[in-house]
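Beneath this line is the structure, given in structure tokens, with notes to follow.
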Amino acid sequence: MNVIVLLGPPGAGKGTQAKLLAKALGIPHISSGDLFREAVASGSALGQQVKSLIDSGELVPDNVLLDVVKNRISQADCKNGFLMDGTPRTIPQAEAFGDLVKRMDGQLKVVELEVPEQLLIDRIKHRSTESGRADDNQEVLVNRLKVYWKQTAPLVDFYQKLGQLIKVDGDGTVEDVQKMLLSRLS
Ligand code: AP5
Ligand code: MG
């Protein structure tokens, strides 16, 4: 059972590539950001708890994230593998997630999408005109990038040491990046 993680800063193309990849591989695409945005939109207790964090580009606490992820990956559609978009994002999340995957007898592959910072900014600026996301504005993006470099980027080293890291150049057309992902994951 294959478990794929897409790692990369805001605007790297995690969501864009994950949708295509999940379809090509026939496994569900799980975006923690989408799960939280759905919770916010529904006005649930979880949504109320995480709204101000998401709107300001801060991370949701690890224990809250892990509860949501545990619940999602225990569903039947994940039993033949799944694709994580946006999780894990901290070292404690990576450790706990690794344990969950082991318990499911899963094989973990982590893809880092590498994209130059100016391109990330341009992409999010472009998306902000249509996404309706409260965190798609210049000020919050600066914070999301800061949070990424401080809290999430150390995962690159973490997974490299475990021999689970695949680096993919995310600066290309959507189609070219997808082709590269499929070839590196096969
Ligand atoms: P999340 O939803 O994961 O947001 P993010 O990491 O900031 O990333 P984005 O969704 O902005 O970018 P993406 O890499 O998916 O790029 P996309 O494909 O859209 O998280 C949001 C929030 O939720 C966090 O800030 C946090 O509060 C919370 N959260 C989520 N997970 C958490 C966790 N594990 N722990 C704690 N908190 C968590 O592409 C961007 C744009 O570029 C699009 O317009 C797209 O069309 C375009 N584009 C993509 N690829 C290309 C290409 N190759 N060429 C040209 N344009 C492209
Ligand atoms: Mg996304």
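Bear in mind that the values here come from a model prediction, so they are computed numbers and not experimental data. Ligands are counted one by one from 1 in listed order, and the atoms in each one are counted from 1 as well.
Heavy atoms of Arg37 approach ligand 1 to within less than 4.0 angstrom. Within the structure, the closest approach of Ile124 to ligand 1 falls below 4.0 Å when heavy atoms are considered. Using 4.0 Å as the threshold, Arg133 has a heavy atom nearer than that to some atom of ligand 1. Heavy atoms of Ala18 come nearer than 4.0 angstrom to ligand 1 in no pair at all.
Of the listed residues (Gly170, Ser31, Gly172, Gly33), the one carrying the non-hydrogen atom nearest atom 53 (N) of ligand 1 is Gly172. Proximity annotation for atom 6 (O) of ligand 1: of His126, Arg89, Lys51, Arg89 comes nearest, heavy atoms only. Comparing Lys19, Met84, Glu58 against atom 26 (C) of ligand 1, the shortest heavy-atom distance belongs to Glu58. Taking only non-hydrogen atoms, the option from Val147, Thr16, Leu113, Thr87 nearest to atom 18 (O) of ligand 1 is Thr16.
Ligand 1 places these atoms under 4.0 Å from at least one heavy atom of Gly86: 31 (N), 32 (C), 33 (C), 34 (N). Per-residue contacts place Arg144 under 4.0 angstrom from the following atoms of ligand 1 (heavy atoms of the residue considered): 5 (P), 7 (O), 9 (P), 11 (O).
None of Gln118, His126, Lys125 except one satisfies the side chain to side chain donor-acceptor pair (under 3.5 Å) rule with Asp122; the exception is Gln118.
You'll find the side chain of Asp157 stays beyond 4.5 Å of the side chain of Leu165, heavy atoms only. The closest side-chain heavy-atom distance from Met84 to Val110 is not below 4.5 Å. No side-chain heavy atom of Gln75 sits less than 4.5 Å from a side-chain heavy atom of Pro28.
Applying the 6.0 Å contact sphere to CD of Glu130 captures more than 12 heavy atoms from other residues, nucleotides or ligands. For Gln107, the CD atom sits in a loose shell: 12 or fewer heavy atoms of surrounding residues, nucleotides or ligands are nearer than 6.0 Å.
Minimum heavy-atom separation, Val60 to Leu53: CA-CD1, 4.0 Å.
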